[in-house]
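Note sheet for the following structure.
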Protein chains: 2
Amino acid sequence: MSIKYDIEPASLSVQIADAIREAIVEGRLKIDERLPTEQELADRFNVSRPTVREALKRLAAHNLIRSRRGPAGGTFVNRPSEEEGRAELATTAALMVSLDVFSLPEVAEARWQLEQACIPLAVANRRPAELDTMIAEVRRQEDPDLSDEEFCASDVRFHRALVDATHNPVLRFTLATVIEGLQPAVNMAVYRFRERAPLVDQHRRLYEAIRDEDVSAAIEVLSEQMTYLRASYDRAQAWREGRDQLEDTQHLTIAGEKETGAV
Amino acid sequence: MSIKYDIEPASLSVQIADAIREAIVEGRLKIDERLPTEQELADRFNVSRPTVREALKRLAAHNLIRSRRGPAGGTFVNRPSEEEGRAELATTAALMVSLDVFSLPEVAEARWQLEQACIPLAVANRRPAELDTMIAEVRRQEDPDLSDEEFCASDVRFHRALVDATHNPVLRFTLATVIEGLQPAVNMAVYRFRERAPLVDQHRRLYEAIRDEDVSAAIEVLSEQMTYLRASYDRAQAWREGRDQLEDTQHLTIAGEKETGAV
DNA sequence: GAACTCTCATTTGTCAAACAAATAGGAGCA
DNA sequence: TGCTCCTATTTGTTTGACAAATGAGAGTTC
């Protein structure tokens with residue numbers, strides 16, 4: 001299969017997208033610089049405008065470019081922000097776990113090890129802002145009226161604050177995969193199979209350990225939480241596999257498939 | 001800025017892409033299932049075929065779909081593979097470091113902590129295959145005739161084998177960001193500022209520690225390597241910042257911008 | 001009857017020309 | 001000077017068409 005991709009040339013829109021992408025990565029197109037107009041690009045590459053537009057949409061899908069209409073408009077090179085990159089990592093990861101590429105216990109083990117790796121730096125570099133966020137989320141999680149969705153979201157924010165406390169952008173970036181991508185999807189898959197109280201208690205103790213600069217205590221709490229979660233994950237994973245047996249063959253209906261009318 | 005995105009509706013191609021993406025994620029479109037033809041989609045969404053195609057290209061950019069021509073052709077939902085997901089993470093990360101979103105010392109610190117996190121699992125789960133790969137790469141790195149590019153590539157393969165040894169797909173997936181994305185770019189940025197011999201020696205001792213199931217020794221070697229690299233990174237970072245001062249304003253020339261002739 | 005070749009219908013890939021919509025800048029005017 | 005309106009530019013979208021790939025079936029030959 002991969003051989004086929006080598007011998008037969010990629011479609012024109014792919015070639016053009018790659019060429020522009022390369023120009024951006026190598027710095028020939030600088031950040032915030034304006035690209036030629038679509039018509040000019042079409043002329044230069046000897047293709048039609050729709051083909052150029054397909055290429056640009058490929059790049060836009062990765063947030064490499066932005067477009068504006070009007071005389072001062074055009075297509076511009078986007079400055080890659082850490083935030084947008086994190087979002088892309090997160091959606092990629094969420095897709096994979098939602099389509100069962102990863103099993104829940106695997107996610108649990110990975111998250112455990114990765115968050116553990118953050119503890120020493122978090123203890124060393126944490127600032128009041130992150131501590132405030134953590135304890136605020138703990139208090140929110142203690143509210144029994146909190147919806148399941150909000151509890152899961154708060155859980156994610158708590159763990160993100162832990163990673164933020166390292167004050168290392170690369171760690172924050174990399175762990176977006178598990179914290180903002182995998183964990184939300186996992187949370188929604190398992191929230192029926194666990195209790196809130198133990199988690200909140202663990203969060204509070206984790207906060208206290210970070211606050212008191214006690215690395216080993218923090219690691220201990222984290223291990224405890226992951227041991228607890230692993231049991232829930234096992235139950236949820238079993239349920240997931242059972243569910244797959246009797247999945248109903250839903251007919252294809254794509255959302256938004258209707259009269260858009262006001263075109 | 002974000003407000004603007006909320007009030008003004010996204011372009012049609014974005015709306016359609018999101019709708020189809022949602023259908024995939026929610027399972028209404030199953031893996032390897034065939035989507036309606038482009039003309040059918042255009043009719044259903046009440047848009048033209050080029051608009052549908054732009055939407056499909058957005059999804060294709062994320063490897064969510066594939067297309068084939070012919071009677072049995074069409075557009076199909078891709079099974080997301082761990083490998084493709086890793087590639088996407090890696091390219092995203094490589095883009096960010098090549099455009100100076102991250103500083104080299106930050107990358108060093110993150111990589112150190114993250115690889116450390118892999119050591120316990122690697123020691124517990126390593127198999128002969130990974131050990132063989134590691135020692136093979138060490139031997140290759142000892143060859144003084146090896147080109148700089150090949151040495152850097154071997155370095156990446158060695159560290160990837162370390163992560164592979166954990167036999168945890170989520171860890172392998174997540175660390176692709178640093179191992180396959182950041183590290184190659186960093187290597188090319190710093191290879192002039194370090195010696196090979198210490199690195200190869202460290203790699204050999206790291207291999208031996210993993211082989212002998214000695215966690216603390218492995219972590220020790222890793223710390224040593226990161227301490228050594230940090231100095232190189234600092235020098236390279238200083239050079240990078242100096243280079244930015246006098247960057248020449250290259251004129252825009254996009255590669256492949258020529259007569260494609262055989263269209 | 002089996003196997004081979006050829007034609008054909010289907011579907012994506014690409015092109016061409018046009019209109020719609022947004023918008024910045026300038027002409028005209030008070 | 002400052003306001004309004006017009007206009008040119010550029011992306012967004014439509015329509016219609018042709019090119020290229022390719023699987024399936026008809027027809028032919030052994």
Side-chain angles (χ1 to χ4, degrees), chain A residues 1 3-5 7-20 32-61 64-78 252 256 259-263, chain B residues 1 3-5 7-20 32-61 64-78 252 256 259-263:
Chain A
M1 296 209 279
I3 301 170
K4 204 172 180 182
Y5 277 66
I7 57 172
E8 91 179 25
S11 70
L12 290 178
S13 70
V14 173
Q15 290 180 40
I16 295 170
D18 288 345
I20 298 178
D32 290 332
E33 183 171 330
R34 179 185 160 169
L35 273 70
T37 66
E38 296 179 348
Q39 189 57 58
E40 255 172 17
L41 286 173
D43 294 342
R44 293 204 199 185
F45 286 103
N46 277 92
V47 296
S48 68
R49 218 182 122 219
T51 302
V52 167
R53 283 183 60 81
E54 287 185 7
L56 293 178
K57 293 318 163 199
R58 284 178 185 277
L59 300 177
L64 261 76
I65 56 172
R66 62 181 182 277
S67 296
R68 260 193 4 241
R69 283 195 279 208
T75 306
F76 299 85
V77 179
N78 259 342
L252 180 151
E259 300 74 29
T260 44
V263 177
Chain B
M1 295 212 277
I3 300 170
K4 201 171 179 183
Y5 276 67
I7 58 173
E8 92 180 26
S11 71
L12 290 177
S13 70
V14 173
Q15 290 180 41
I16 296 169
D18 287 347
I20 298 178
D32 290 331
E33 181 170 333
R34 179 184 160 168
L35 273 68
T37 67
E38 295 179 349
Q39 190 57 57
E40 251 172 18
L41 285 173
D43 294 342
R44 292 204 200 186
F45 285 103
N46 277 92
V47 295
S48 66
R49 198 159 80 96
T51 302
V52 166
R53 283 182 60 82
E54 286 185 9
L56 294 178
K57 294 317 163 197
R58 286 177 184 277
L59 300 177
L64 261 77
I65 56 172
R66 64 180 181 277
S67 296
R68 263 196 359 246
R69 284 197 277 210
T75 306
F76 298 85
V77 179
N78 259 343
L252 180 152
E259 299 76 27
T260 45
V263 176

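None of these values were measured; they are calculated from a predicted model. We name chains A, B, ... by the order of the sequence lines, and we start the count at 1 in each one.
OP1 or OP2 of D:dG12 has not a single side-chain nitrogen or oxygen of B:Ser13 nearer than 4.0 Å. OP1 or OP2 of C:dG13 sits under 4.0 Å from a side-chain N or O of B:Arg53. In this structure, A:Thr51 reaches the C:dC15 phosphate: one of its side-chain N or O atoms is under 4.0 Å from OP1 or OP2. Of the side-chain N and O atoms in A:Ser11, none sit less than 4.0 angstrom from OP1 or OP2 of C:dT12.
Of all heavy-atom pairs spanning B:Ala60 and A:Arg58, the tightest one is CB-NH1, 3.9 Å. Shown here for A:Asp32 and A:Phe76, the closest heavy-atom pair between the two residues is O-CD2, 3.6 Å. For A:Ile65 against A:Asn78, the heavy-atom pair with the smallest separation is O-ND2, 3.3 Å.
In this entry the distance linking CG of A:Leu12 with C1' of C:dC15 reads 11 Å, nearest Å. When rounded to the nearest whole Å, the span between CD1 of B:Ile65 and P of C:dG13 equals 9 Å. The distance between atom CG of A:Leu41 and atom P of C:dT14, rounded to the nearest whole Å, is 16 Å. Regarding B:Glu40, its CD atom lies at a distance of 14 Å from the C1' atom of C:dT12, rounded to whole Å. Atom-to-atom, CG of A:Leu56 to C1' of D:dT13 comes out at 15 Å; the value is rounded to the nearest Å. Atom CG in A:Asp43 sits about 13 Å away from atom C1' in C:dC15, given to the nearest Å.
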Got a list of protein N/O to nucleotides 2-9 of chain D N/O distances below 3.5 Å?
residue: D:dT9; atom: O2; partner: A:Pro71; partner atom: N; Å: 3.2

Provide a list of protein-nucleic acid N or O atom pairs under 3.5 angstrom, restricted to nucleotides 16-19 of chain C.
residue: C:dA18; atom: N6; partner: A:Arg49; partner atom: NH1; Å: 3.4

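Shown are B:Ser11, B:Ser48, B:Ser13; of these, the side-chain contact (heavy atoms from CB on, under 4.5 Å) with B:Glu54 is made only by B:Ser13.
Of the possible donor and acceptor atoms, none in the side chain of B:Arg66 sits under 3.5 Å from a partner among the backbone N and O of B:Thr75. The backbone N or O of B:Ala72 sits less than 3.5 Å from a side-chain atom of B:Arg68, completing a donor-acceptor pair.
Residues B:Gly74 and A:Gly73 each lie close to DNA chain C; by heavy-atom proximity, the contact nearer the 5' end of the strand is made by B:Gly74.
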